[in-house]
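Notes for the one structure printed next.
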Amino acid sequence: GSLLYGNASAVTTILTKGSADQVLTSDGTDIAWAAAGAATFGDGSVGTPSITNTGDLNTGIFFPAADTIAFAEGGAEAMRIDSAGNVGIGTSSPAARATIKTASNEEDALLIEQSDGTDVGSLRINNGSFILKGKNASSPVQIQTHDGNEDIEVDPDGFIKMETAGSERMRIDASGSVGIGTSSPSA
């Protein structure tokens with residue numbers, strides 16, 4: 001049997017029990033649960049997402065194209081997963097597995113925090129430049145190999161050093177002196 005709601009021109013099935021259980025279907029424009037228990041929704045749009053909450057109707061999930069999921073925040077698209085599996089944040093056309101489009105030409109695109117909430121670094125853009133930036137005034141920024149034996153370190157104490165095989169091979173100190181094979185270069 002079925003529990004129906006509506007009138008002669010618009011009937012909504014709320015619950016159907018039969019050979020193939022269907023729960024909470026509608027007239028096809030809003031919501032329907034299929035026989036296997038999957039929920040289906042209309043496409044929606046950036047301004048009126050099809051999955052949203054009461055009181056904030058322009059924030060939620062919508063489906064702008066086949067095999068594409070998008071997330072709206074305040075009536076603007078905030079994130080998308082396209083049919084190729086690419087994720088776009090701030091863009092509706094992700095060009096790679098993860099594409100982040102910033103709102104300005106000078107800002108952090110990705111902020112990295114420790115478990116205690118302290119900012120430790122960011123990937124930043126600055127008018128066309130890509131910057132790896134440390135956020136802690138007492139910690140260096142390093143680029144390392146998988147085992148940490150080879151690295152380049154930019155230290156907040158004013159020097160840059162390079163290591164190979166776990167040993168420092170070159171240093172540029174705060175005065176601009178370059179030392180090869182020493183951590184104490186002199187002019």
Side-chain angles (χ1 to χ4, degrees), residues 24 28-156 160-166 169-170 172:
L24 197 59
T29 59
D30 290 317
I31 183 170
W33 286 1
T40 60
F41 301 88
D43 290 343
S45 68
V46 69
T48 55
S50 56
I51 303 173
T52 188
N53 67 327
T54 304
D56 193 4
L57 301 178
N58 63 358
T59 297
I61 301 171
F62 66 103
F63 307 93
D67 302 320
T68 301
I69 303 168
F71 302 84
E73 196 285 312
E77 186 168 328
M79 186 172 93
R80 174 180 293 223
I81 303 170
D82 71 12
S83 59
N86 295 336
V87 176
I89 298 174
T91 179
S92 61
S93 303
R97 274 291 175 216
T99 301
I100 300 172
K101 182 178 180 183
T102 59
S104 73
N105 290 333
E106 186 177 348
E107 68 179 281
D108 291 343
L110 178 67
L111 181 63
I112 302 165
E113 293 183 348
Q114 296 180 154
S115 61
D116 66 2
T118 302
D119 297 347
V120 293
S122 67
L123 298 179
R124 182 175 180 80
I125 60 163
N126 186 348
N127 293 314
S129 297
F130 174 77
I131 301 167
L132 174 64
K133 183 176 183 178
K135 295 285 191 171
N136 188 321
S138 61
S139 297
V141 173
Q142 296 179 327
I143 301 171
Q144 293 186 345
T145 57
H146 70 284
D147 61 6
N149 286 326
E150 289 73 37
D151 71 61
I152 300 170
E153 178 179 311
V154 179
D155 197 273
I160 300 170
K161 72 175 183 175
M162 295 178 200
E163 294 183 355
T164 61
R169 306 298 183 183
M170 185 173 96
I172 303 171

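Given the structure is predicted, the values throughout are model-derived calculations rather than measurements.
Counting only heavy atoms from C-beta outward, the side chains of Arg124 and Glu106 approach each other to under 4.5 Å. At least one side-chain heavy atom of Ile61 sits under 4.5 Å from a side-chain heavy atom of Ile69. Between Met79 and Val87, the closest side-chain pair of non-hydrogen atoms falls below 4.5 Å.
Listed for the Thr52 side chain is a donor-acceptor partner under 3.5 Å among the backbone atoms of Thr59. In this structure, the side chain of Ser50 does not engage the main chain of Phe62 through any donor-acceptor pair within 3.5 Å.
The two residues Ile125 and Ser104 make their nearest non-hydrogen contact at CD1-O, 3.4 Å. The two residues Ile143 and Leu132 have their closest heavy-atom pair at CG1-CD2, 4.3 Å. Closest approach of Leu57 and Asn53 over heavy atoms only: CD2-O, 3.4 Å.
Atom CZ in Arg80 sits 11.5 Å away from atom CG in Asn86 (nearest 0.5 Å). The line from CZ of Phe63 to OG1 of Thr68 is 10.5 Å long, rounded to the nearest 0.5 Å. Distance check: Lys161 NZ to Gln142 CD gives 7.0 Å after rounding to the nearest 0.5 Å.
Residues that satisfy the side chain to side chain donor-acceptor pair (under 3.5 Å) test with Ser138, not counting sequence neighbours, are Asn136.
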Lys135 and Val120: CA distance, side-chain angles, deciding distance, side-chain contact (heavy atoms from CB on, under 4.5 Å) verdict: CA-CA 5 Å; Lys135 295 285 191 171; Val120 293; 5.6 Å; no

